[in-house]
Structure formats: structure tokens, C-alpha cells
Undergrad: 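Pasting a structure below so you can have a look.
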Amino acid sequence: MVRSRGRENPKTTRKSMQFIDLQAQYRQLKEQIDTRIRRVLDHGRYILGPEVAELEARLAEYVGVRYCIGISSGTDALLVSMMALGIGSGDEVITTPFTFIATGEAIALLGARPVFVDIDPRTYNIAPDLIEAAITPRTRAIVPVSLYGQCAEMDAINAIARRHGLPVIEDAAQSFGATYRGRRSCALSTIGCTSFFPSKPLGCYGDGGACFTDDEALAVRIRRLSVHGQDRRYHHPLIGINGRLDTLQAAVLLAKLEVFPQEVEARERIGRRYTERLADSVQVPYVEPYNRSVYAQYTIRVQARDRLAERLREVGIPTAVHYPVPLPSQPALKDPNAQVPNATAAAGRVLSLPMSPWLTESDQDAVIEQVRAA
């Protein structure tokens with residue numbers, strides 16, 4: 001049962017609710033994070049210090065792959081992955097229209113063309129049964145996005161890719177820690193890319209990301225590309241980027257990694273509780289029975305989205321829209337020929353509610369109460 005708020009003024013009682021309360025996590029981990037940061041300040045190796053290698057080893061073990069390369073952001077992780085595969089001008093890369101612009105942006109930055117395939121209206125991930133029809137002689141890769149914390153339908157996508165000799169890059173910026181049929185996100189394709197942006201399931205205190213692969217040649221190439229294409233000091237066989245992960249960010253992530261499994265459990269518990277109590281009022285997230293979502297966002301779907309968001313704002317409950325404009329409608333990636341009705345419909349109706357491992361039961365009750373009342 002949702003607890004009654006009686007005659008309390010909701011604008012007062014809910015004033016301090018955060019969409020994602022990163023300060024609550026810091027208060028919990030302050031000693032560990034501060035200690036890790038002080039070690040970096042003491043040894044002074046701010047670029048490619050020992051914490052980076054330690055983090056890469058820990059992350060590779062957690063995901064279950066041979067290689068992890070720390071990268072400066074999730075966007076740069078996608079960029080160097082495609083560079084490592086030789087994608088460039090005139091190529092086509094199949095991806096989803098319903099995601100943050102970074103996915104399509106990385107493709108376009110290399111001179112390639114993003115080819116948008118519509119989404120499954122239940123999971124919001126790319127619809128595998130529509131991919132094959134979009135493959136042409138110019139297709140060089142498939143980039144599914146594991147949106148909102150749930151992995152895309154990777155077995156079906158990989159099967160299509162094998163038939164056509166294509167690599168698959170999982171954009172796992174929102175799904176680090178999630179599992180698909182018992183395997184972890186980032187270990188499901190040729191390359192997995194994730195983001196450590198502060199609000200992600202595993203986030204640092206700035207920008208950060210990583211690439212994961214079992215292919216040794218790709219791992220070597222990605223690492224070189226992330227350090228200006230060099231294979232040794234002042235020797236550059238490749239044109240690369242400045243894509244290194246900072247040592248300080250690696251230190252923060254190492255401290256957070258210690259409690260990450262518990263945070264994944266908390267995310268799942270909070271997500272289930274939302275679903276149980278909202279399912280009769282709104283369209284709640286659909287998670288495949290063989291998947292485990294990390295609920296990077298807890299996203300509902302409603303007809304009068306803007307009206308509900310305004311009502312929640314008035315009582316001190318923050319919301320967000322991920323994402324209001326499909327990529328083919330973005331001015332920078334405009335594609336008037338893209339047929340994406342499911343993505344277009346979702347963009348006008350999705351609404352993300354406050355979600356984090358530190359969301360208190362009382363705050364969650366307040367959200368549930370107000371959504372149901374609306």
C-alpha cells in the first residue's frame with residue numbers, strides 16, 4: 001500500500017527529491033573514494049596511472065571478456081571501435097533511431113551514414129526482424145543500443161551479422177551490469193562499448209568509458225587509436241584520437257566497483273517495485289524473462305506525457321524524457337526517408353521517473369502515489 005501523506009504540503013515534503021541522487025552514493029562511499037583519489041594525488045601519474053590498468057583488469061573479469069580498454073567517454077568508445085573496424089567515408093552502419101545522439105554522431109563523424117531501423121515497441125530496442133532488409137553492399141557494422149538498462153536482442157542480431165559477415169558493436173552506455181541470457185552486457189558481440197558518465201549505472205565523476213572485446217587484434221588496435229594511434233612513444237602508425245581514461249576517474253570507478261553488484265540488486269528491486277505498483281495505471285517497462293535490467297532509467301509510457309510531467313514537477317518530483325526526438329529527425333542527422341513509426345510514437349510518450357540504487361522507499365512511494373493519482 002502507498003502511504004498516505006495526509007494534509008502535508010507535497011511541495012514542501014518532496015522538495016529535495018533528486019532524479020538521481022549521486023550525493024547519497026558519495027556519502028556512502030566517501031572514505032573509499034577519497035582514499036583512492038589521494039593515492040593518485042600522491043603518486044602524481046594523472047595520465048595512464050596504475051589505477052587505469054587495475055580498473056581494466058577488474059572490468060574485463062566482471063564482464064567476462066579477455067580485454068577491456070579504458071576510454072575517455074562512451075562516445076569516444078564507439079568512435080574508436082568503429083575506427084578499429086575500418087569504418088569510414090561512404091560506409092553504412094545500421095543502428096536504432098531511438099537513443100542519445102552520440103550513437104549516430106560517432107557514425108557520422110567517420111563519414112559513414114547511419115541507417116536507422118525501427119524499434120520493438122515493447123523494449124524500445126532495435127527490432128531484429130527489420131535489420132536484414134536494411135543491409136546493403138555498403139553496410140559495415142550493426143550497432144544496437146541496449147536502452148534503459150536492458151540488453152538488445154543480441155542472439156538474433158549476431159545471427160544476422162554472421163550471415164552477412166558483419167561485426168556488431170553493442171552500445172551499452174546504459175546497460176553495464178545487465179545480463180542477457182545469463183551473459184553480461186559488453187560480452188555479447190564483437191565489441192561492447194559503455195559509458196561511465198556520472199548518471200550511468202557505474203559512473204565516475206566526469207566523462208569516462210570503456211571498450212570490451214575477446215579479439216586480441218581489435219583490442220590492440222583500439223588501445224593504439226585511443227592514444228593518438230601510437231604503438232610506442234612518438235611512433236604513430238595510425239591516426240587516432242586523445243581517448244584515454246583519466247587516472248582520477250579510474251580511481252573513482254575502482255571505489256564504486258566494490259559495491260556495484262549490490263547496487264545492481266537494488267536497481268532491480270526498485271524497478272520491480274515500481275512495476276508492481278504502477279502496472280495498472282501506466283505502461284511500465286517490459287523486460288524479457290531471460291534478461292536482467294539495470295534500469296539506467298525507469299521509463300513509463302503515457303498518452304498525456306507533458307501534462308503528467310508538469311503535475312509531478314508541481315509537487316517536487318523531477319522527471320526526464322529519454323528521448324524526445326528520434327535521430328532521423330535531428331537536424332544534424334536528418335533522414336526524411338527513415339521509416340521509424342514506433343520510435344516516433346515512443347518519443348512523444350515516454351517519461352523517466354526518479355531512479356537510483358539510493359532511492360528511498362518513501363520517495364518512491366511519493367512518485368507512485370502521484371503517478372497513480374494523475
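Residue numbers start at 1 and run along the sequence shown.
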Undergrad: Can a donor-acceptor pair be found, under 3.5 Å and without considering hydrogens, that links the side chain of Ser293 to the backbone of Gly149?
TA: yes
Undergrad: Does Gln339 CD have over 12 foreign heavy atoms under 6.0 Å away?
TA: no
Undergrad: Check for me whether the distance between the ring centres of Phe176 and Phe260 falls short of 6.0 Å.
TA: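 Between Phe176 and Phe260, the centre distance is under 6.0 Å.
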Undergrad: Give a yes or no on whether a salt bridge exists between Glu132 and Arg163, defined as a side-chain N under 4.0 angstrom from a carboxylate O.
TA: yes
Undergrad: Taking all non-hydrogen atoms of both residues into account, name the closest pair between Phe116 and Thr96 and its distance.
TA: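 Between these two residues, the closest heavy atoms are CD2-O, 3.6 Å.
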Undergrad: Quick check: do Ile69 and Val80 have side-chain heavy atoms less than 4.5 Å from each other?
TA: no
Undergrad: Hey, are the side chains of Thr247 and His43 touching, using non-hydrogen atoms and a 4.5 Å cut-off?
TA: yes
Undergrad: Whether the side chain of Asp91 engages the backbone of Val93 through a donor-acceptor N/O pair (distance < 3.5 Å, no angle test) should be reported.
TA: no
Undergrad: For residues Asn125 and Cys151, report the shortest heavy-atom separation together with the two atoms involved.
TA: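 Smallest interatomic distance, heavy atoms only, reads ND2-O, 3.4 Å.
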Undergrad: Given side chain to side chain donor-acceptor pair (under 3.5 Å), test Tyr67 with Glu56 step by step and report yes or no.
TA: CA-CA 8 Å; Tyr67 305 103; Glu56 290 173 341; over 6 Å; no
Undergrad: Can Arg36 and Glu258 be counted as an ion pair, charged N to O under 4.0 angstrom?
TA: no
Undergrad: Measure from the side-chain N and O atoms of Lys256 to the backbone N and O of Gly203, and report whether any donor-acceptor pair falls under 3.5 Å.
TA: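 Yes.
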Undergrad: Any donor and acceptor pair, going by atom type alone, linking the side chain of Arg311 with main-chain N or O of Gln370 inside 3.5 Å?
TA: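 No, Arg311 side chain to Gln370 backbone: no donor-acceptor pair under 3.5 Å.
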Undergrad: What I want to find out is whether Glu265 reaches Arg292 closely enough, with some N-O distance under 4.0 Å, to be called a salt bridge.
TA: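 The answer is yes: the pair qualifies as a salt bridge.
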Undergrad: I'd like to check Thr194 versus Val63 (side-chain heavy atoms, cut-off strictly below 4.5 Å). Are they in contact?
TA: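 Answer no - side chains too far apart.
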Undergrad: Under 3.5 Å, is there a donor-acceptor pair between the side chain of Asn342 and the main chain of Asp120?
TA: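 Side chain of Asn342 to backbone of Asp120, a donor-acceptor pair under 3.5 Å: no, none is there.
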Undergrad: So does Thr275 get a backbone contact from the side chain of Tyr298, meaning a donor-acceptor N/O pair under 3.5 Å?
TA: yes
Undergrad: Between Gln18 and Ser356, is there a side-chain heavy-atom distance shorter than 4.5 Å?
TA: no
Undergrad: Quick check: do Glu263 and Pro201 have side-chain heavy atoms less than 4.5 Å from each other?
TA: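 Glu263 vs Pro201: side chains apart.
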Undergrad: Is there a donor-acceptor contact under 3.5 Å from the side chain of Ser72 to the main chain of Leu245?
TA: no
Undergrad: Would Asp215 and Arg221 pass as an ion pair if we require N to O under 4.0 Å?
TA: no
Undergrad: So, Arg122 and Glu288, do they make that salt bridge, N to O below 4.0 Å?
TA: yes
Undergrad: Return yes when atom CD of Glu61 has more than 12 non-hydrogen atoms of other residues, nucleotides or ligands closer than 6.0 Å, and no otherwise.
TA: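 No.
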Undergrad: Can a donor-acceptor pair be found, under 3.5 Å and without considering hydrogens, that links the side chain of Asp214 to the backbone of Val65?
TA: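 No.
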Undergrad: Ser185 side chain to Gly177 main-chain N or O, any donor-acceptor pair under 3.5 Å?
TA: no
Undergrad: Nearest 0.5 Å, please: how far is CG in Leu327 from CZ in Phe98?
TA: 10.0 Å
Undergrad: Could you report the tightest heavy-atom contact between Ala106 and Leu78, atom names first, then the distance?
TA: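 Here Ala106 and Leu78 meet closest at CB-CB, 4.0 Å.
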Undergrad: Just wondering, do Val371 and Leu312 contact through their side chains at under 4.5 Å, heavy atoms?
TA: yes
Undergrad: Kindly say whether Ala343 contributes a backbone atom to a donor-acceptor pair with the side chain of Asp118 at under 3.5 angstrom?
TA: yes
Undergrad: With no hydrogens and no angle check, do the side chains of Asp34 and Tyr26 hold a donor and an acceptor under 3.5 Å apart?
TA: yes
Undergrad: Just how far is it from atom CG of Leu353 to atom CD1 of Ile270, taken to the nearest 0.5 Å?
TA: 12.5 Å
Undergrad: Please work out which of the three classes, parallel, tilted or perpendicular, describes the rings of His322 and Tyr148, given edges at 30° and 60°.
TA: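 Tyr148 and His322: perpendicular rings.
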Undergrad: Less than 4.0 angstrom from a charged side-chain N to a carboxylate O is my criterion; do Glu361 and Arg273 meet it?
TA: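 Looking at Arg273 together with Glu361, the answer is yes, because their closest N to O distance falls below 4.0 Å.
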Undergrad: List the residues meeting side chain to side chain contact (heavy atoms under 4.5 Å, CB included) with Arg224, not counting sequence neighbours, and say none if there are none.
TA: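 Scan of Arg224 (side chain to side chain contact (heavy atoms under 4.5 Å, CB included), adjacent residues dropped) gives Val220, Asp231, Leu238.
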Undergrad: Verify the ring-centre separation between Tyr62 and Phe212: is it less than 6.0 angstrom?
TA: no
Undergrad: Out of the candidates Leu41, Val40, Thr35, only one should pair with Ile37 under the side-chain contact (heavy atoms from CB on, under 4.5 Å) rule; please name it.
TA: Leu41
Undergrad: At what distance, to the nearest 0.5 angstrom, does CG of Leu359 lie from CZ of Arg269?
TA: 10.0 Å
Undergrad: Flag the pair Arg313 and Glu310 as a salt bridge only when some basic side-chain nitrogen lies within less than 4.0 angstrom of an acidic carboxylate oxygen.
TA: yes
Undergrad: What do you reckon, is CZ of Arg233 surrounded by more than 12 foreign heavy atoms closer than 6.0 Å?
TA: no
Undergrad: Start with the C-alpha distance between Gln150 and Thr123, add both sets of side-chain angles, then the distance that settles side chain to side chain donor-acceptor pair (under 3.5 Å), and finish with yes or no.
TA: CA-CA 8 Å; Gln150 176 175 203; Thr123 65; 5.3 Å; no
Undergrad: Measuring from Arg349:CZ to Arg305:CZ, what's the distance to the nearest 0.5 Å?
TA: 10.0 Å
Undergrad: Rounded to the nearest 0.5 Å, how far apart are CG of Leu79 and CG of Leu225?
TA: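 That separation rounds to 9.0 Å.
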Undergrad: In the structure I gave you, are the side-chain heavy atoms of Pro50 and Arg45 within less than 4.5 Å of one another anywhere?
TA: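 Of all side-chain heavy-atom pairs linking Arg45 with Pro50, at least one is under 4.5 Å.
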Undergrad: Ring-plane angle category for Phe100 and Tyr323, please: parallel below 30°, perpendicular beyond 60°, tilted otherwise.
TA: tilted
Undergrad: How far does CD of Gln25 sit from CD1 of Ile33, to the nearest 0.5 angstrom?
TA: 6.0 Å
Undergrad: Between Met154 and Arg181, is any pair of side-chain heavy atoms under 4.5 Å apart?
TA: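 Heavy-atom side-chain distance check fails, nothing below 4.5 Å.
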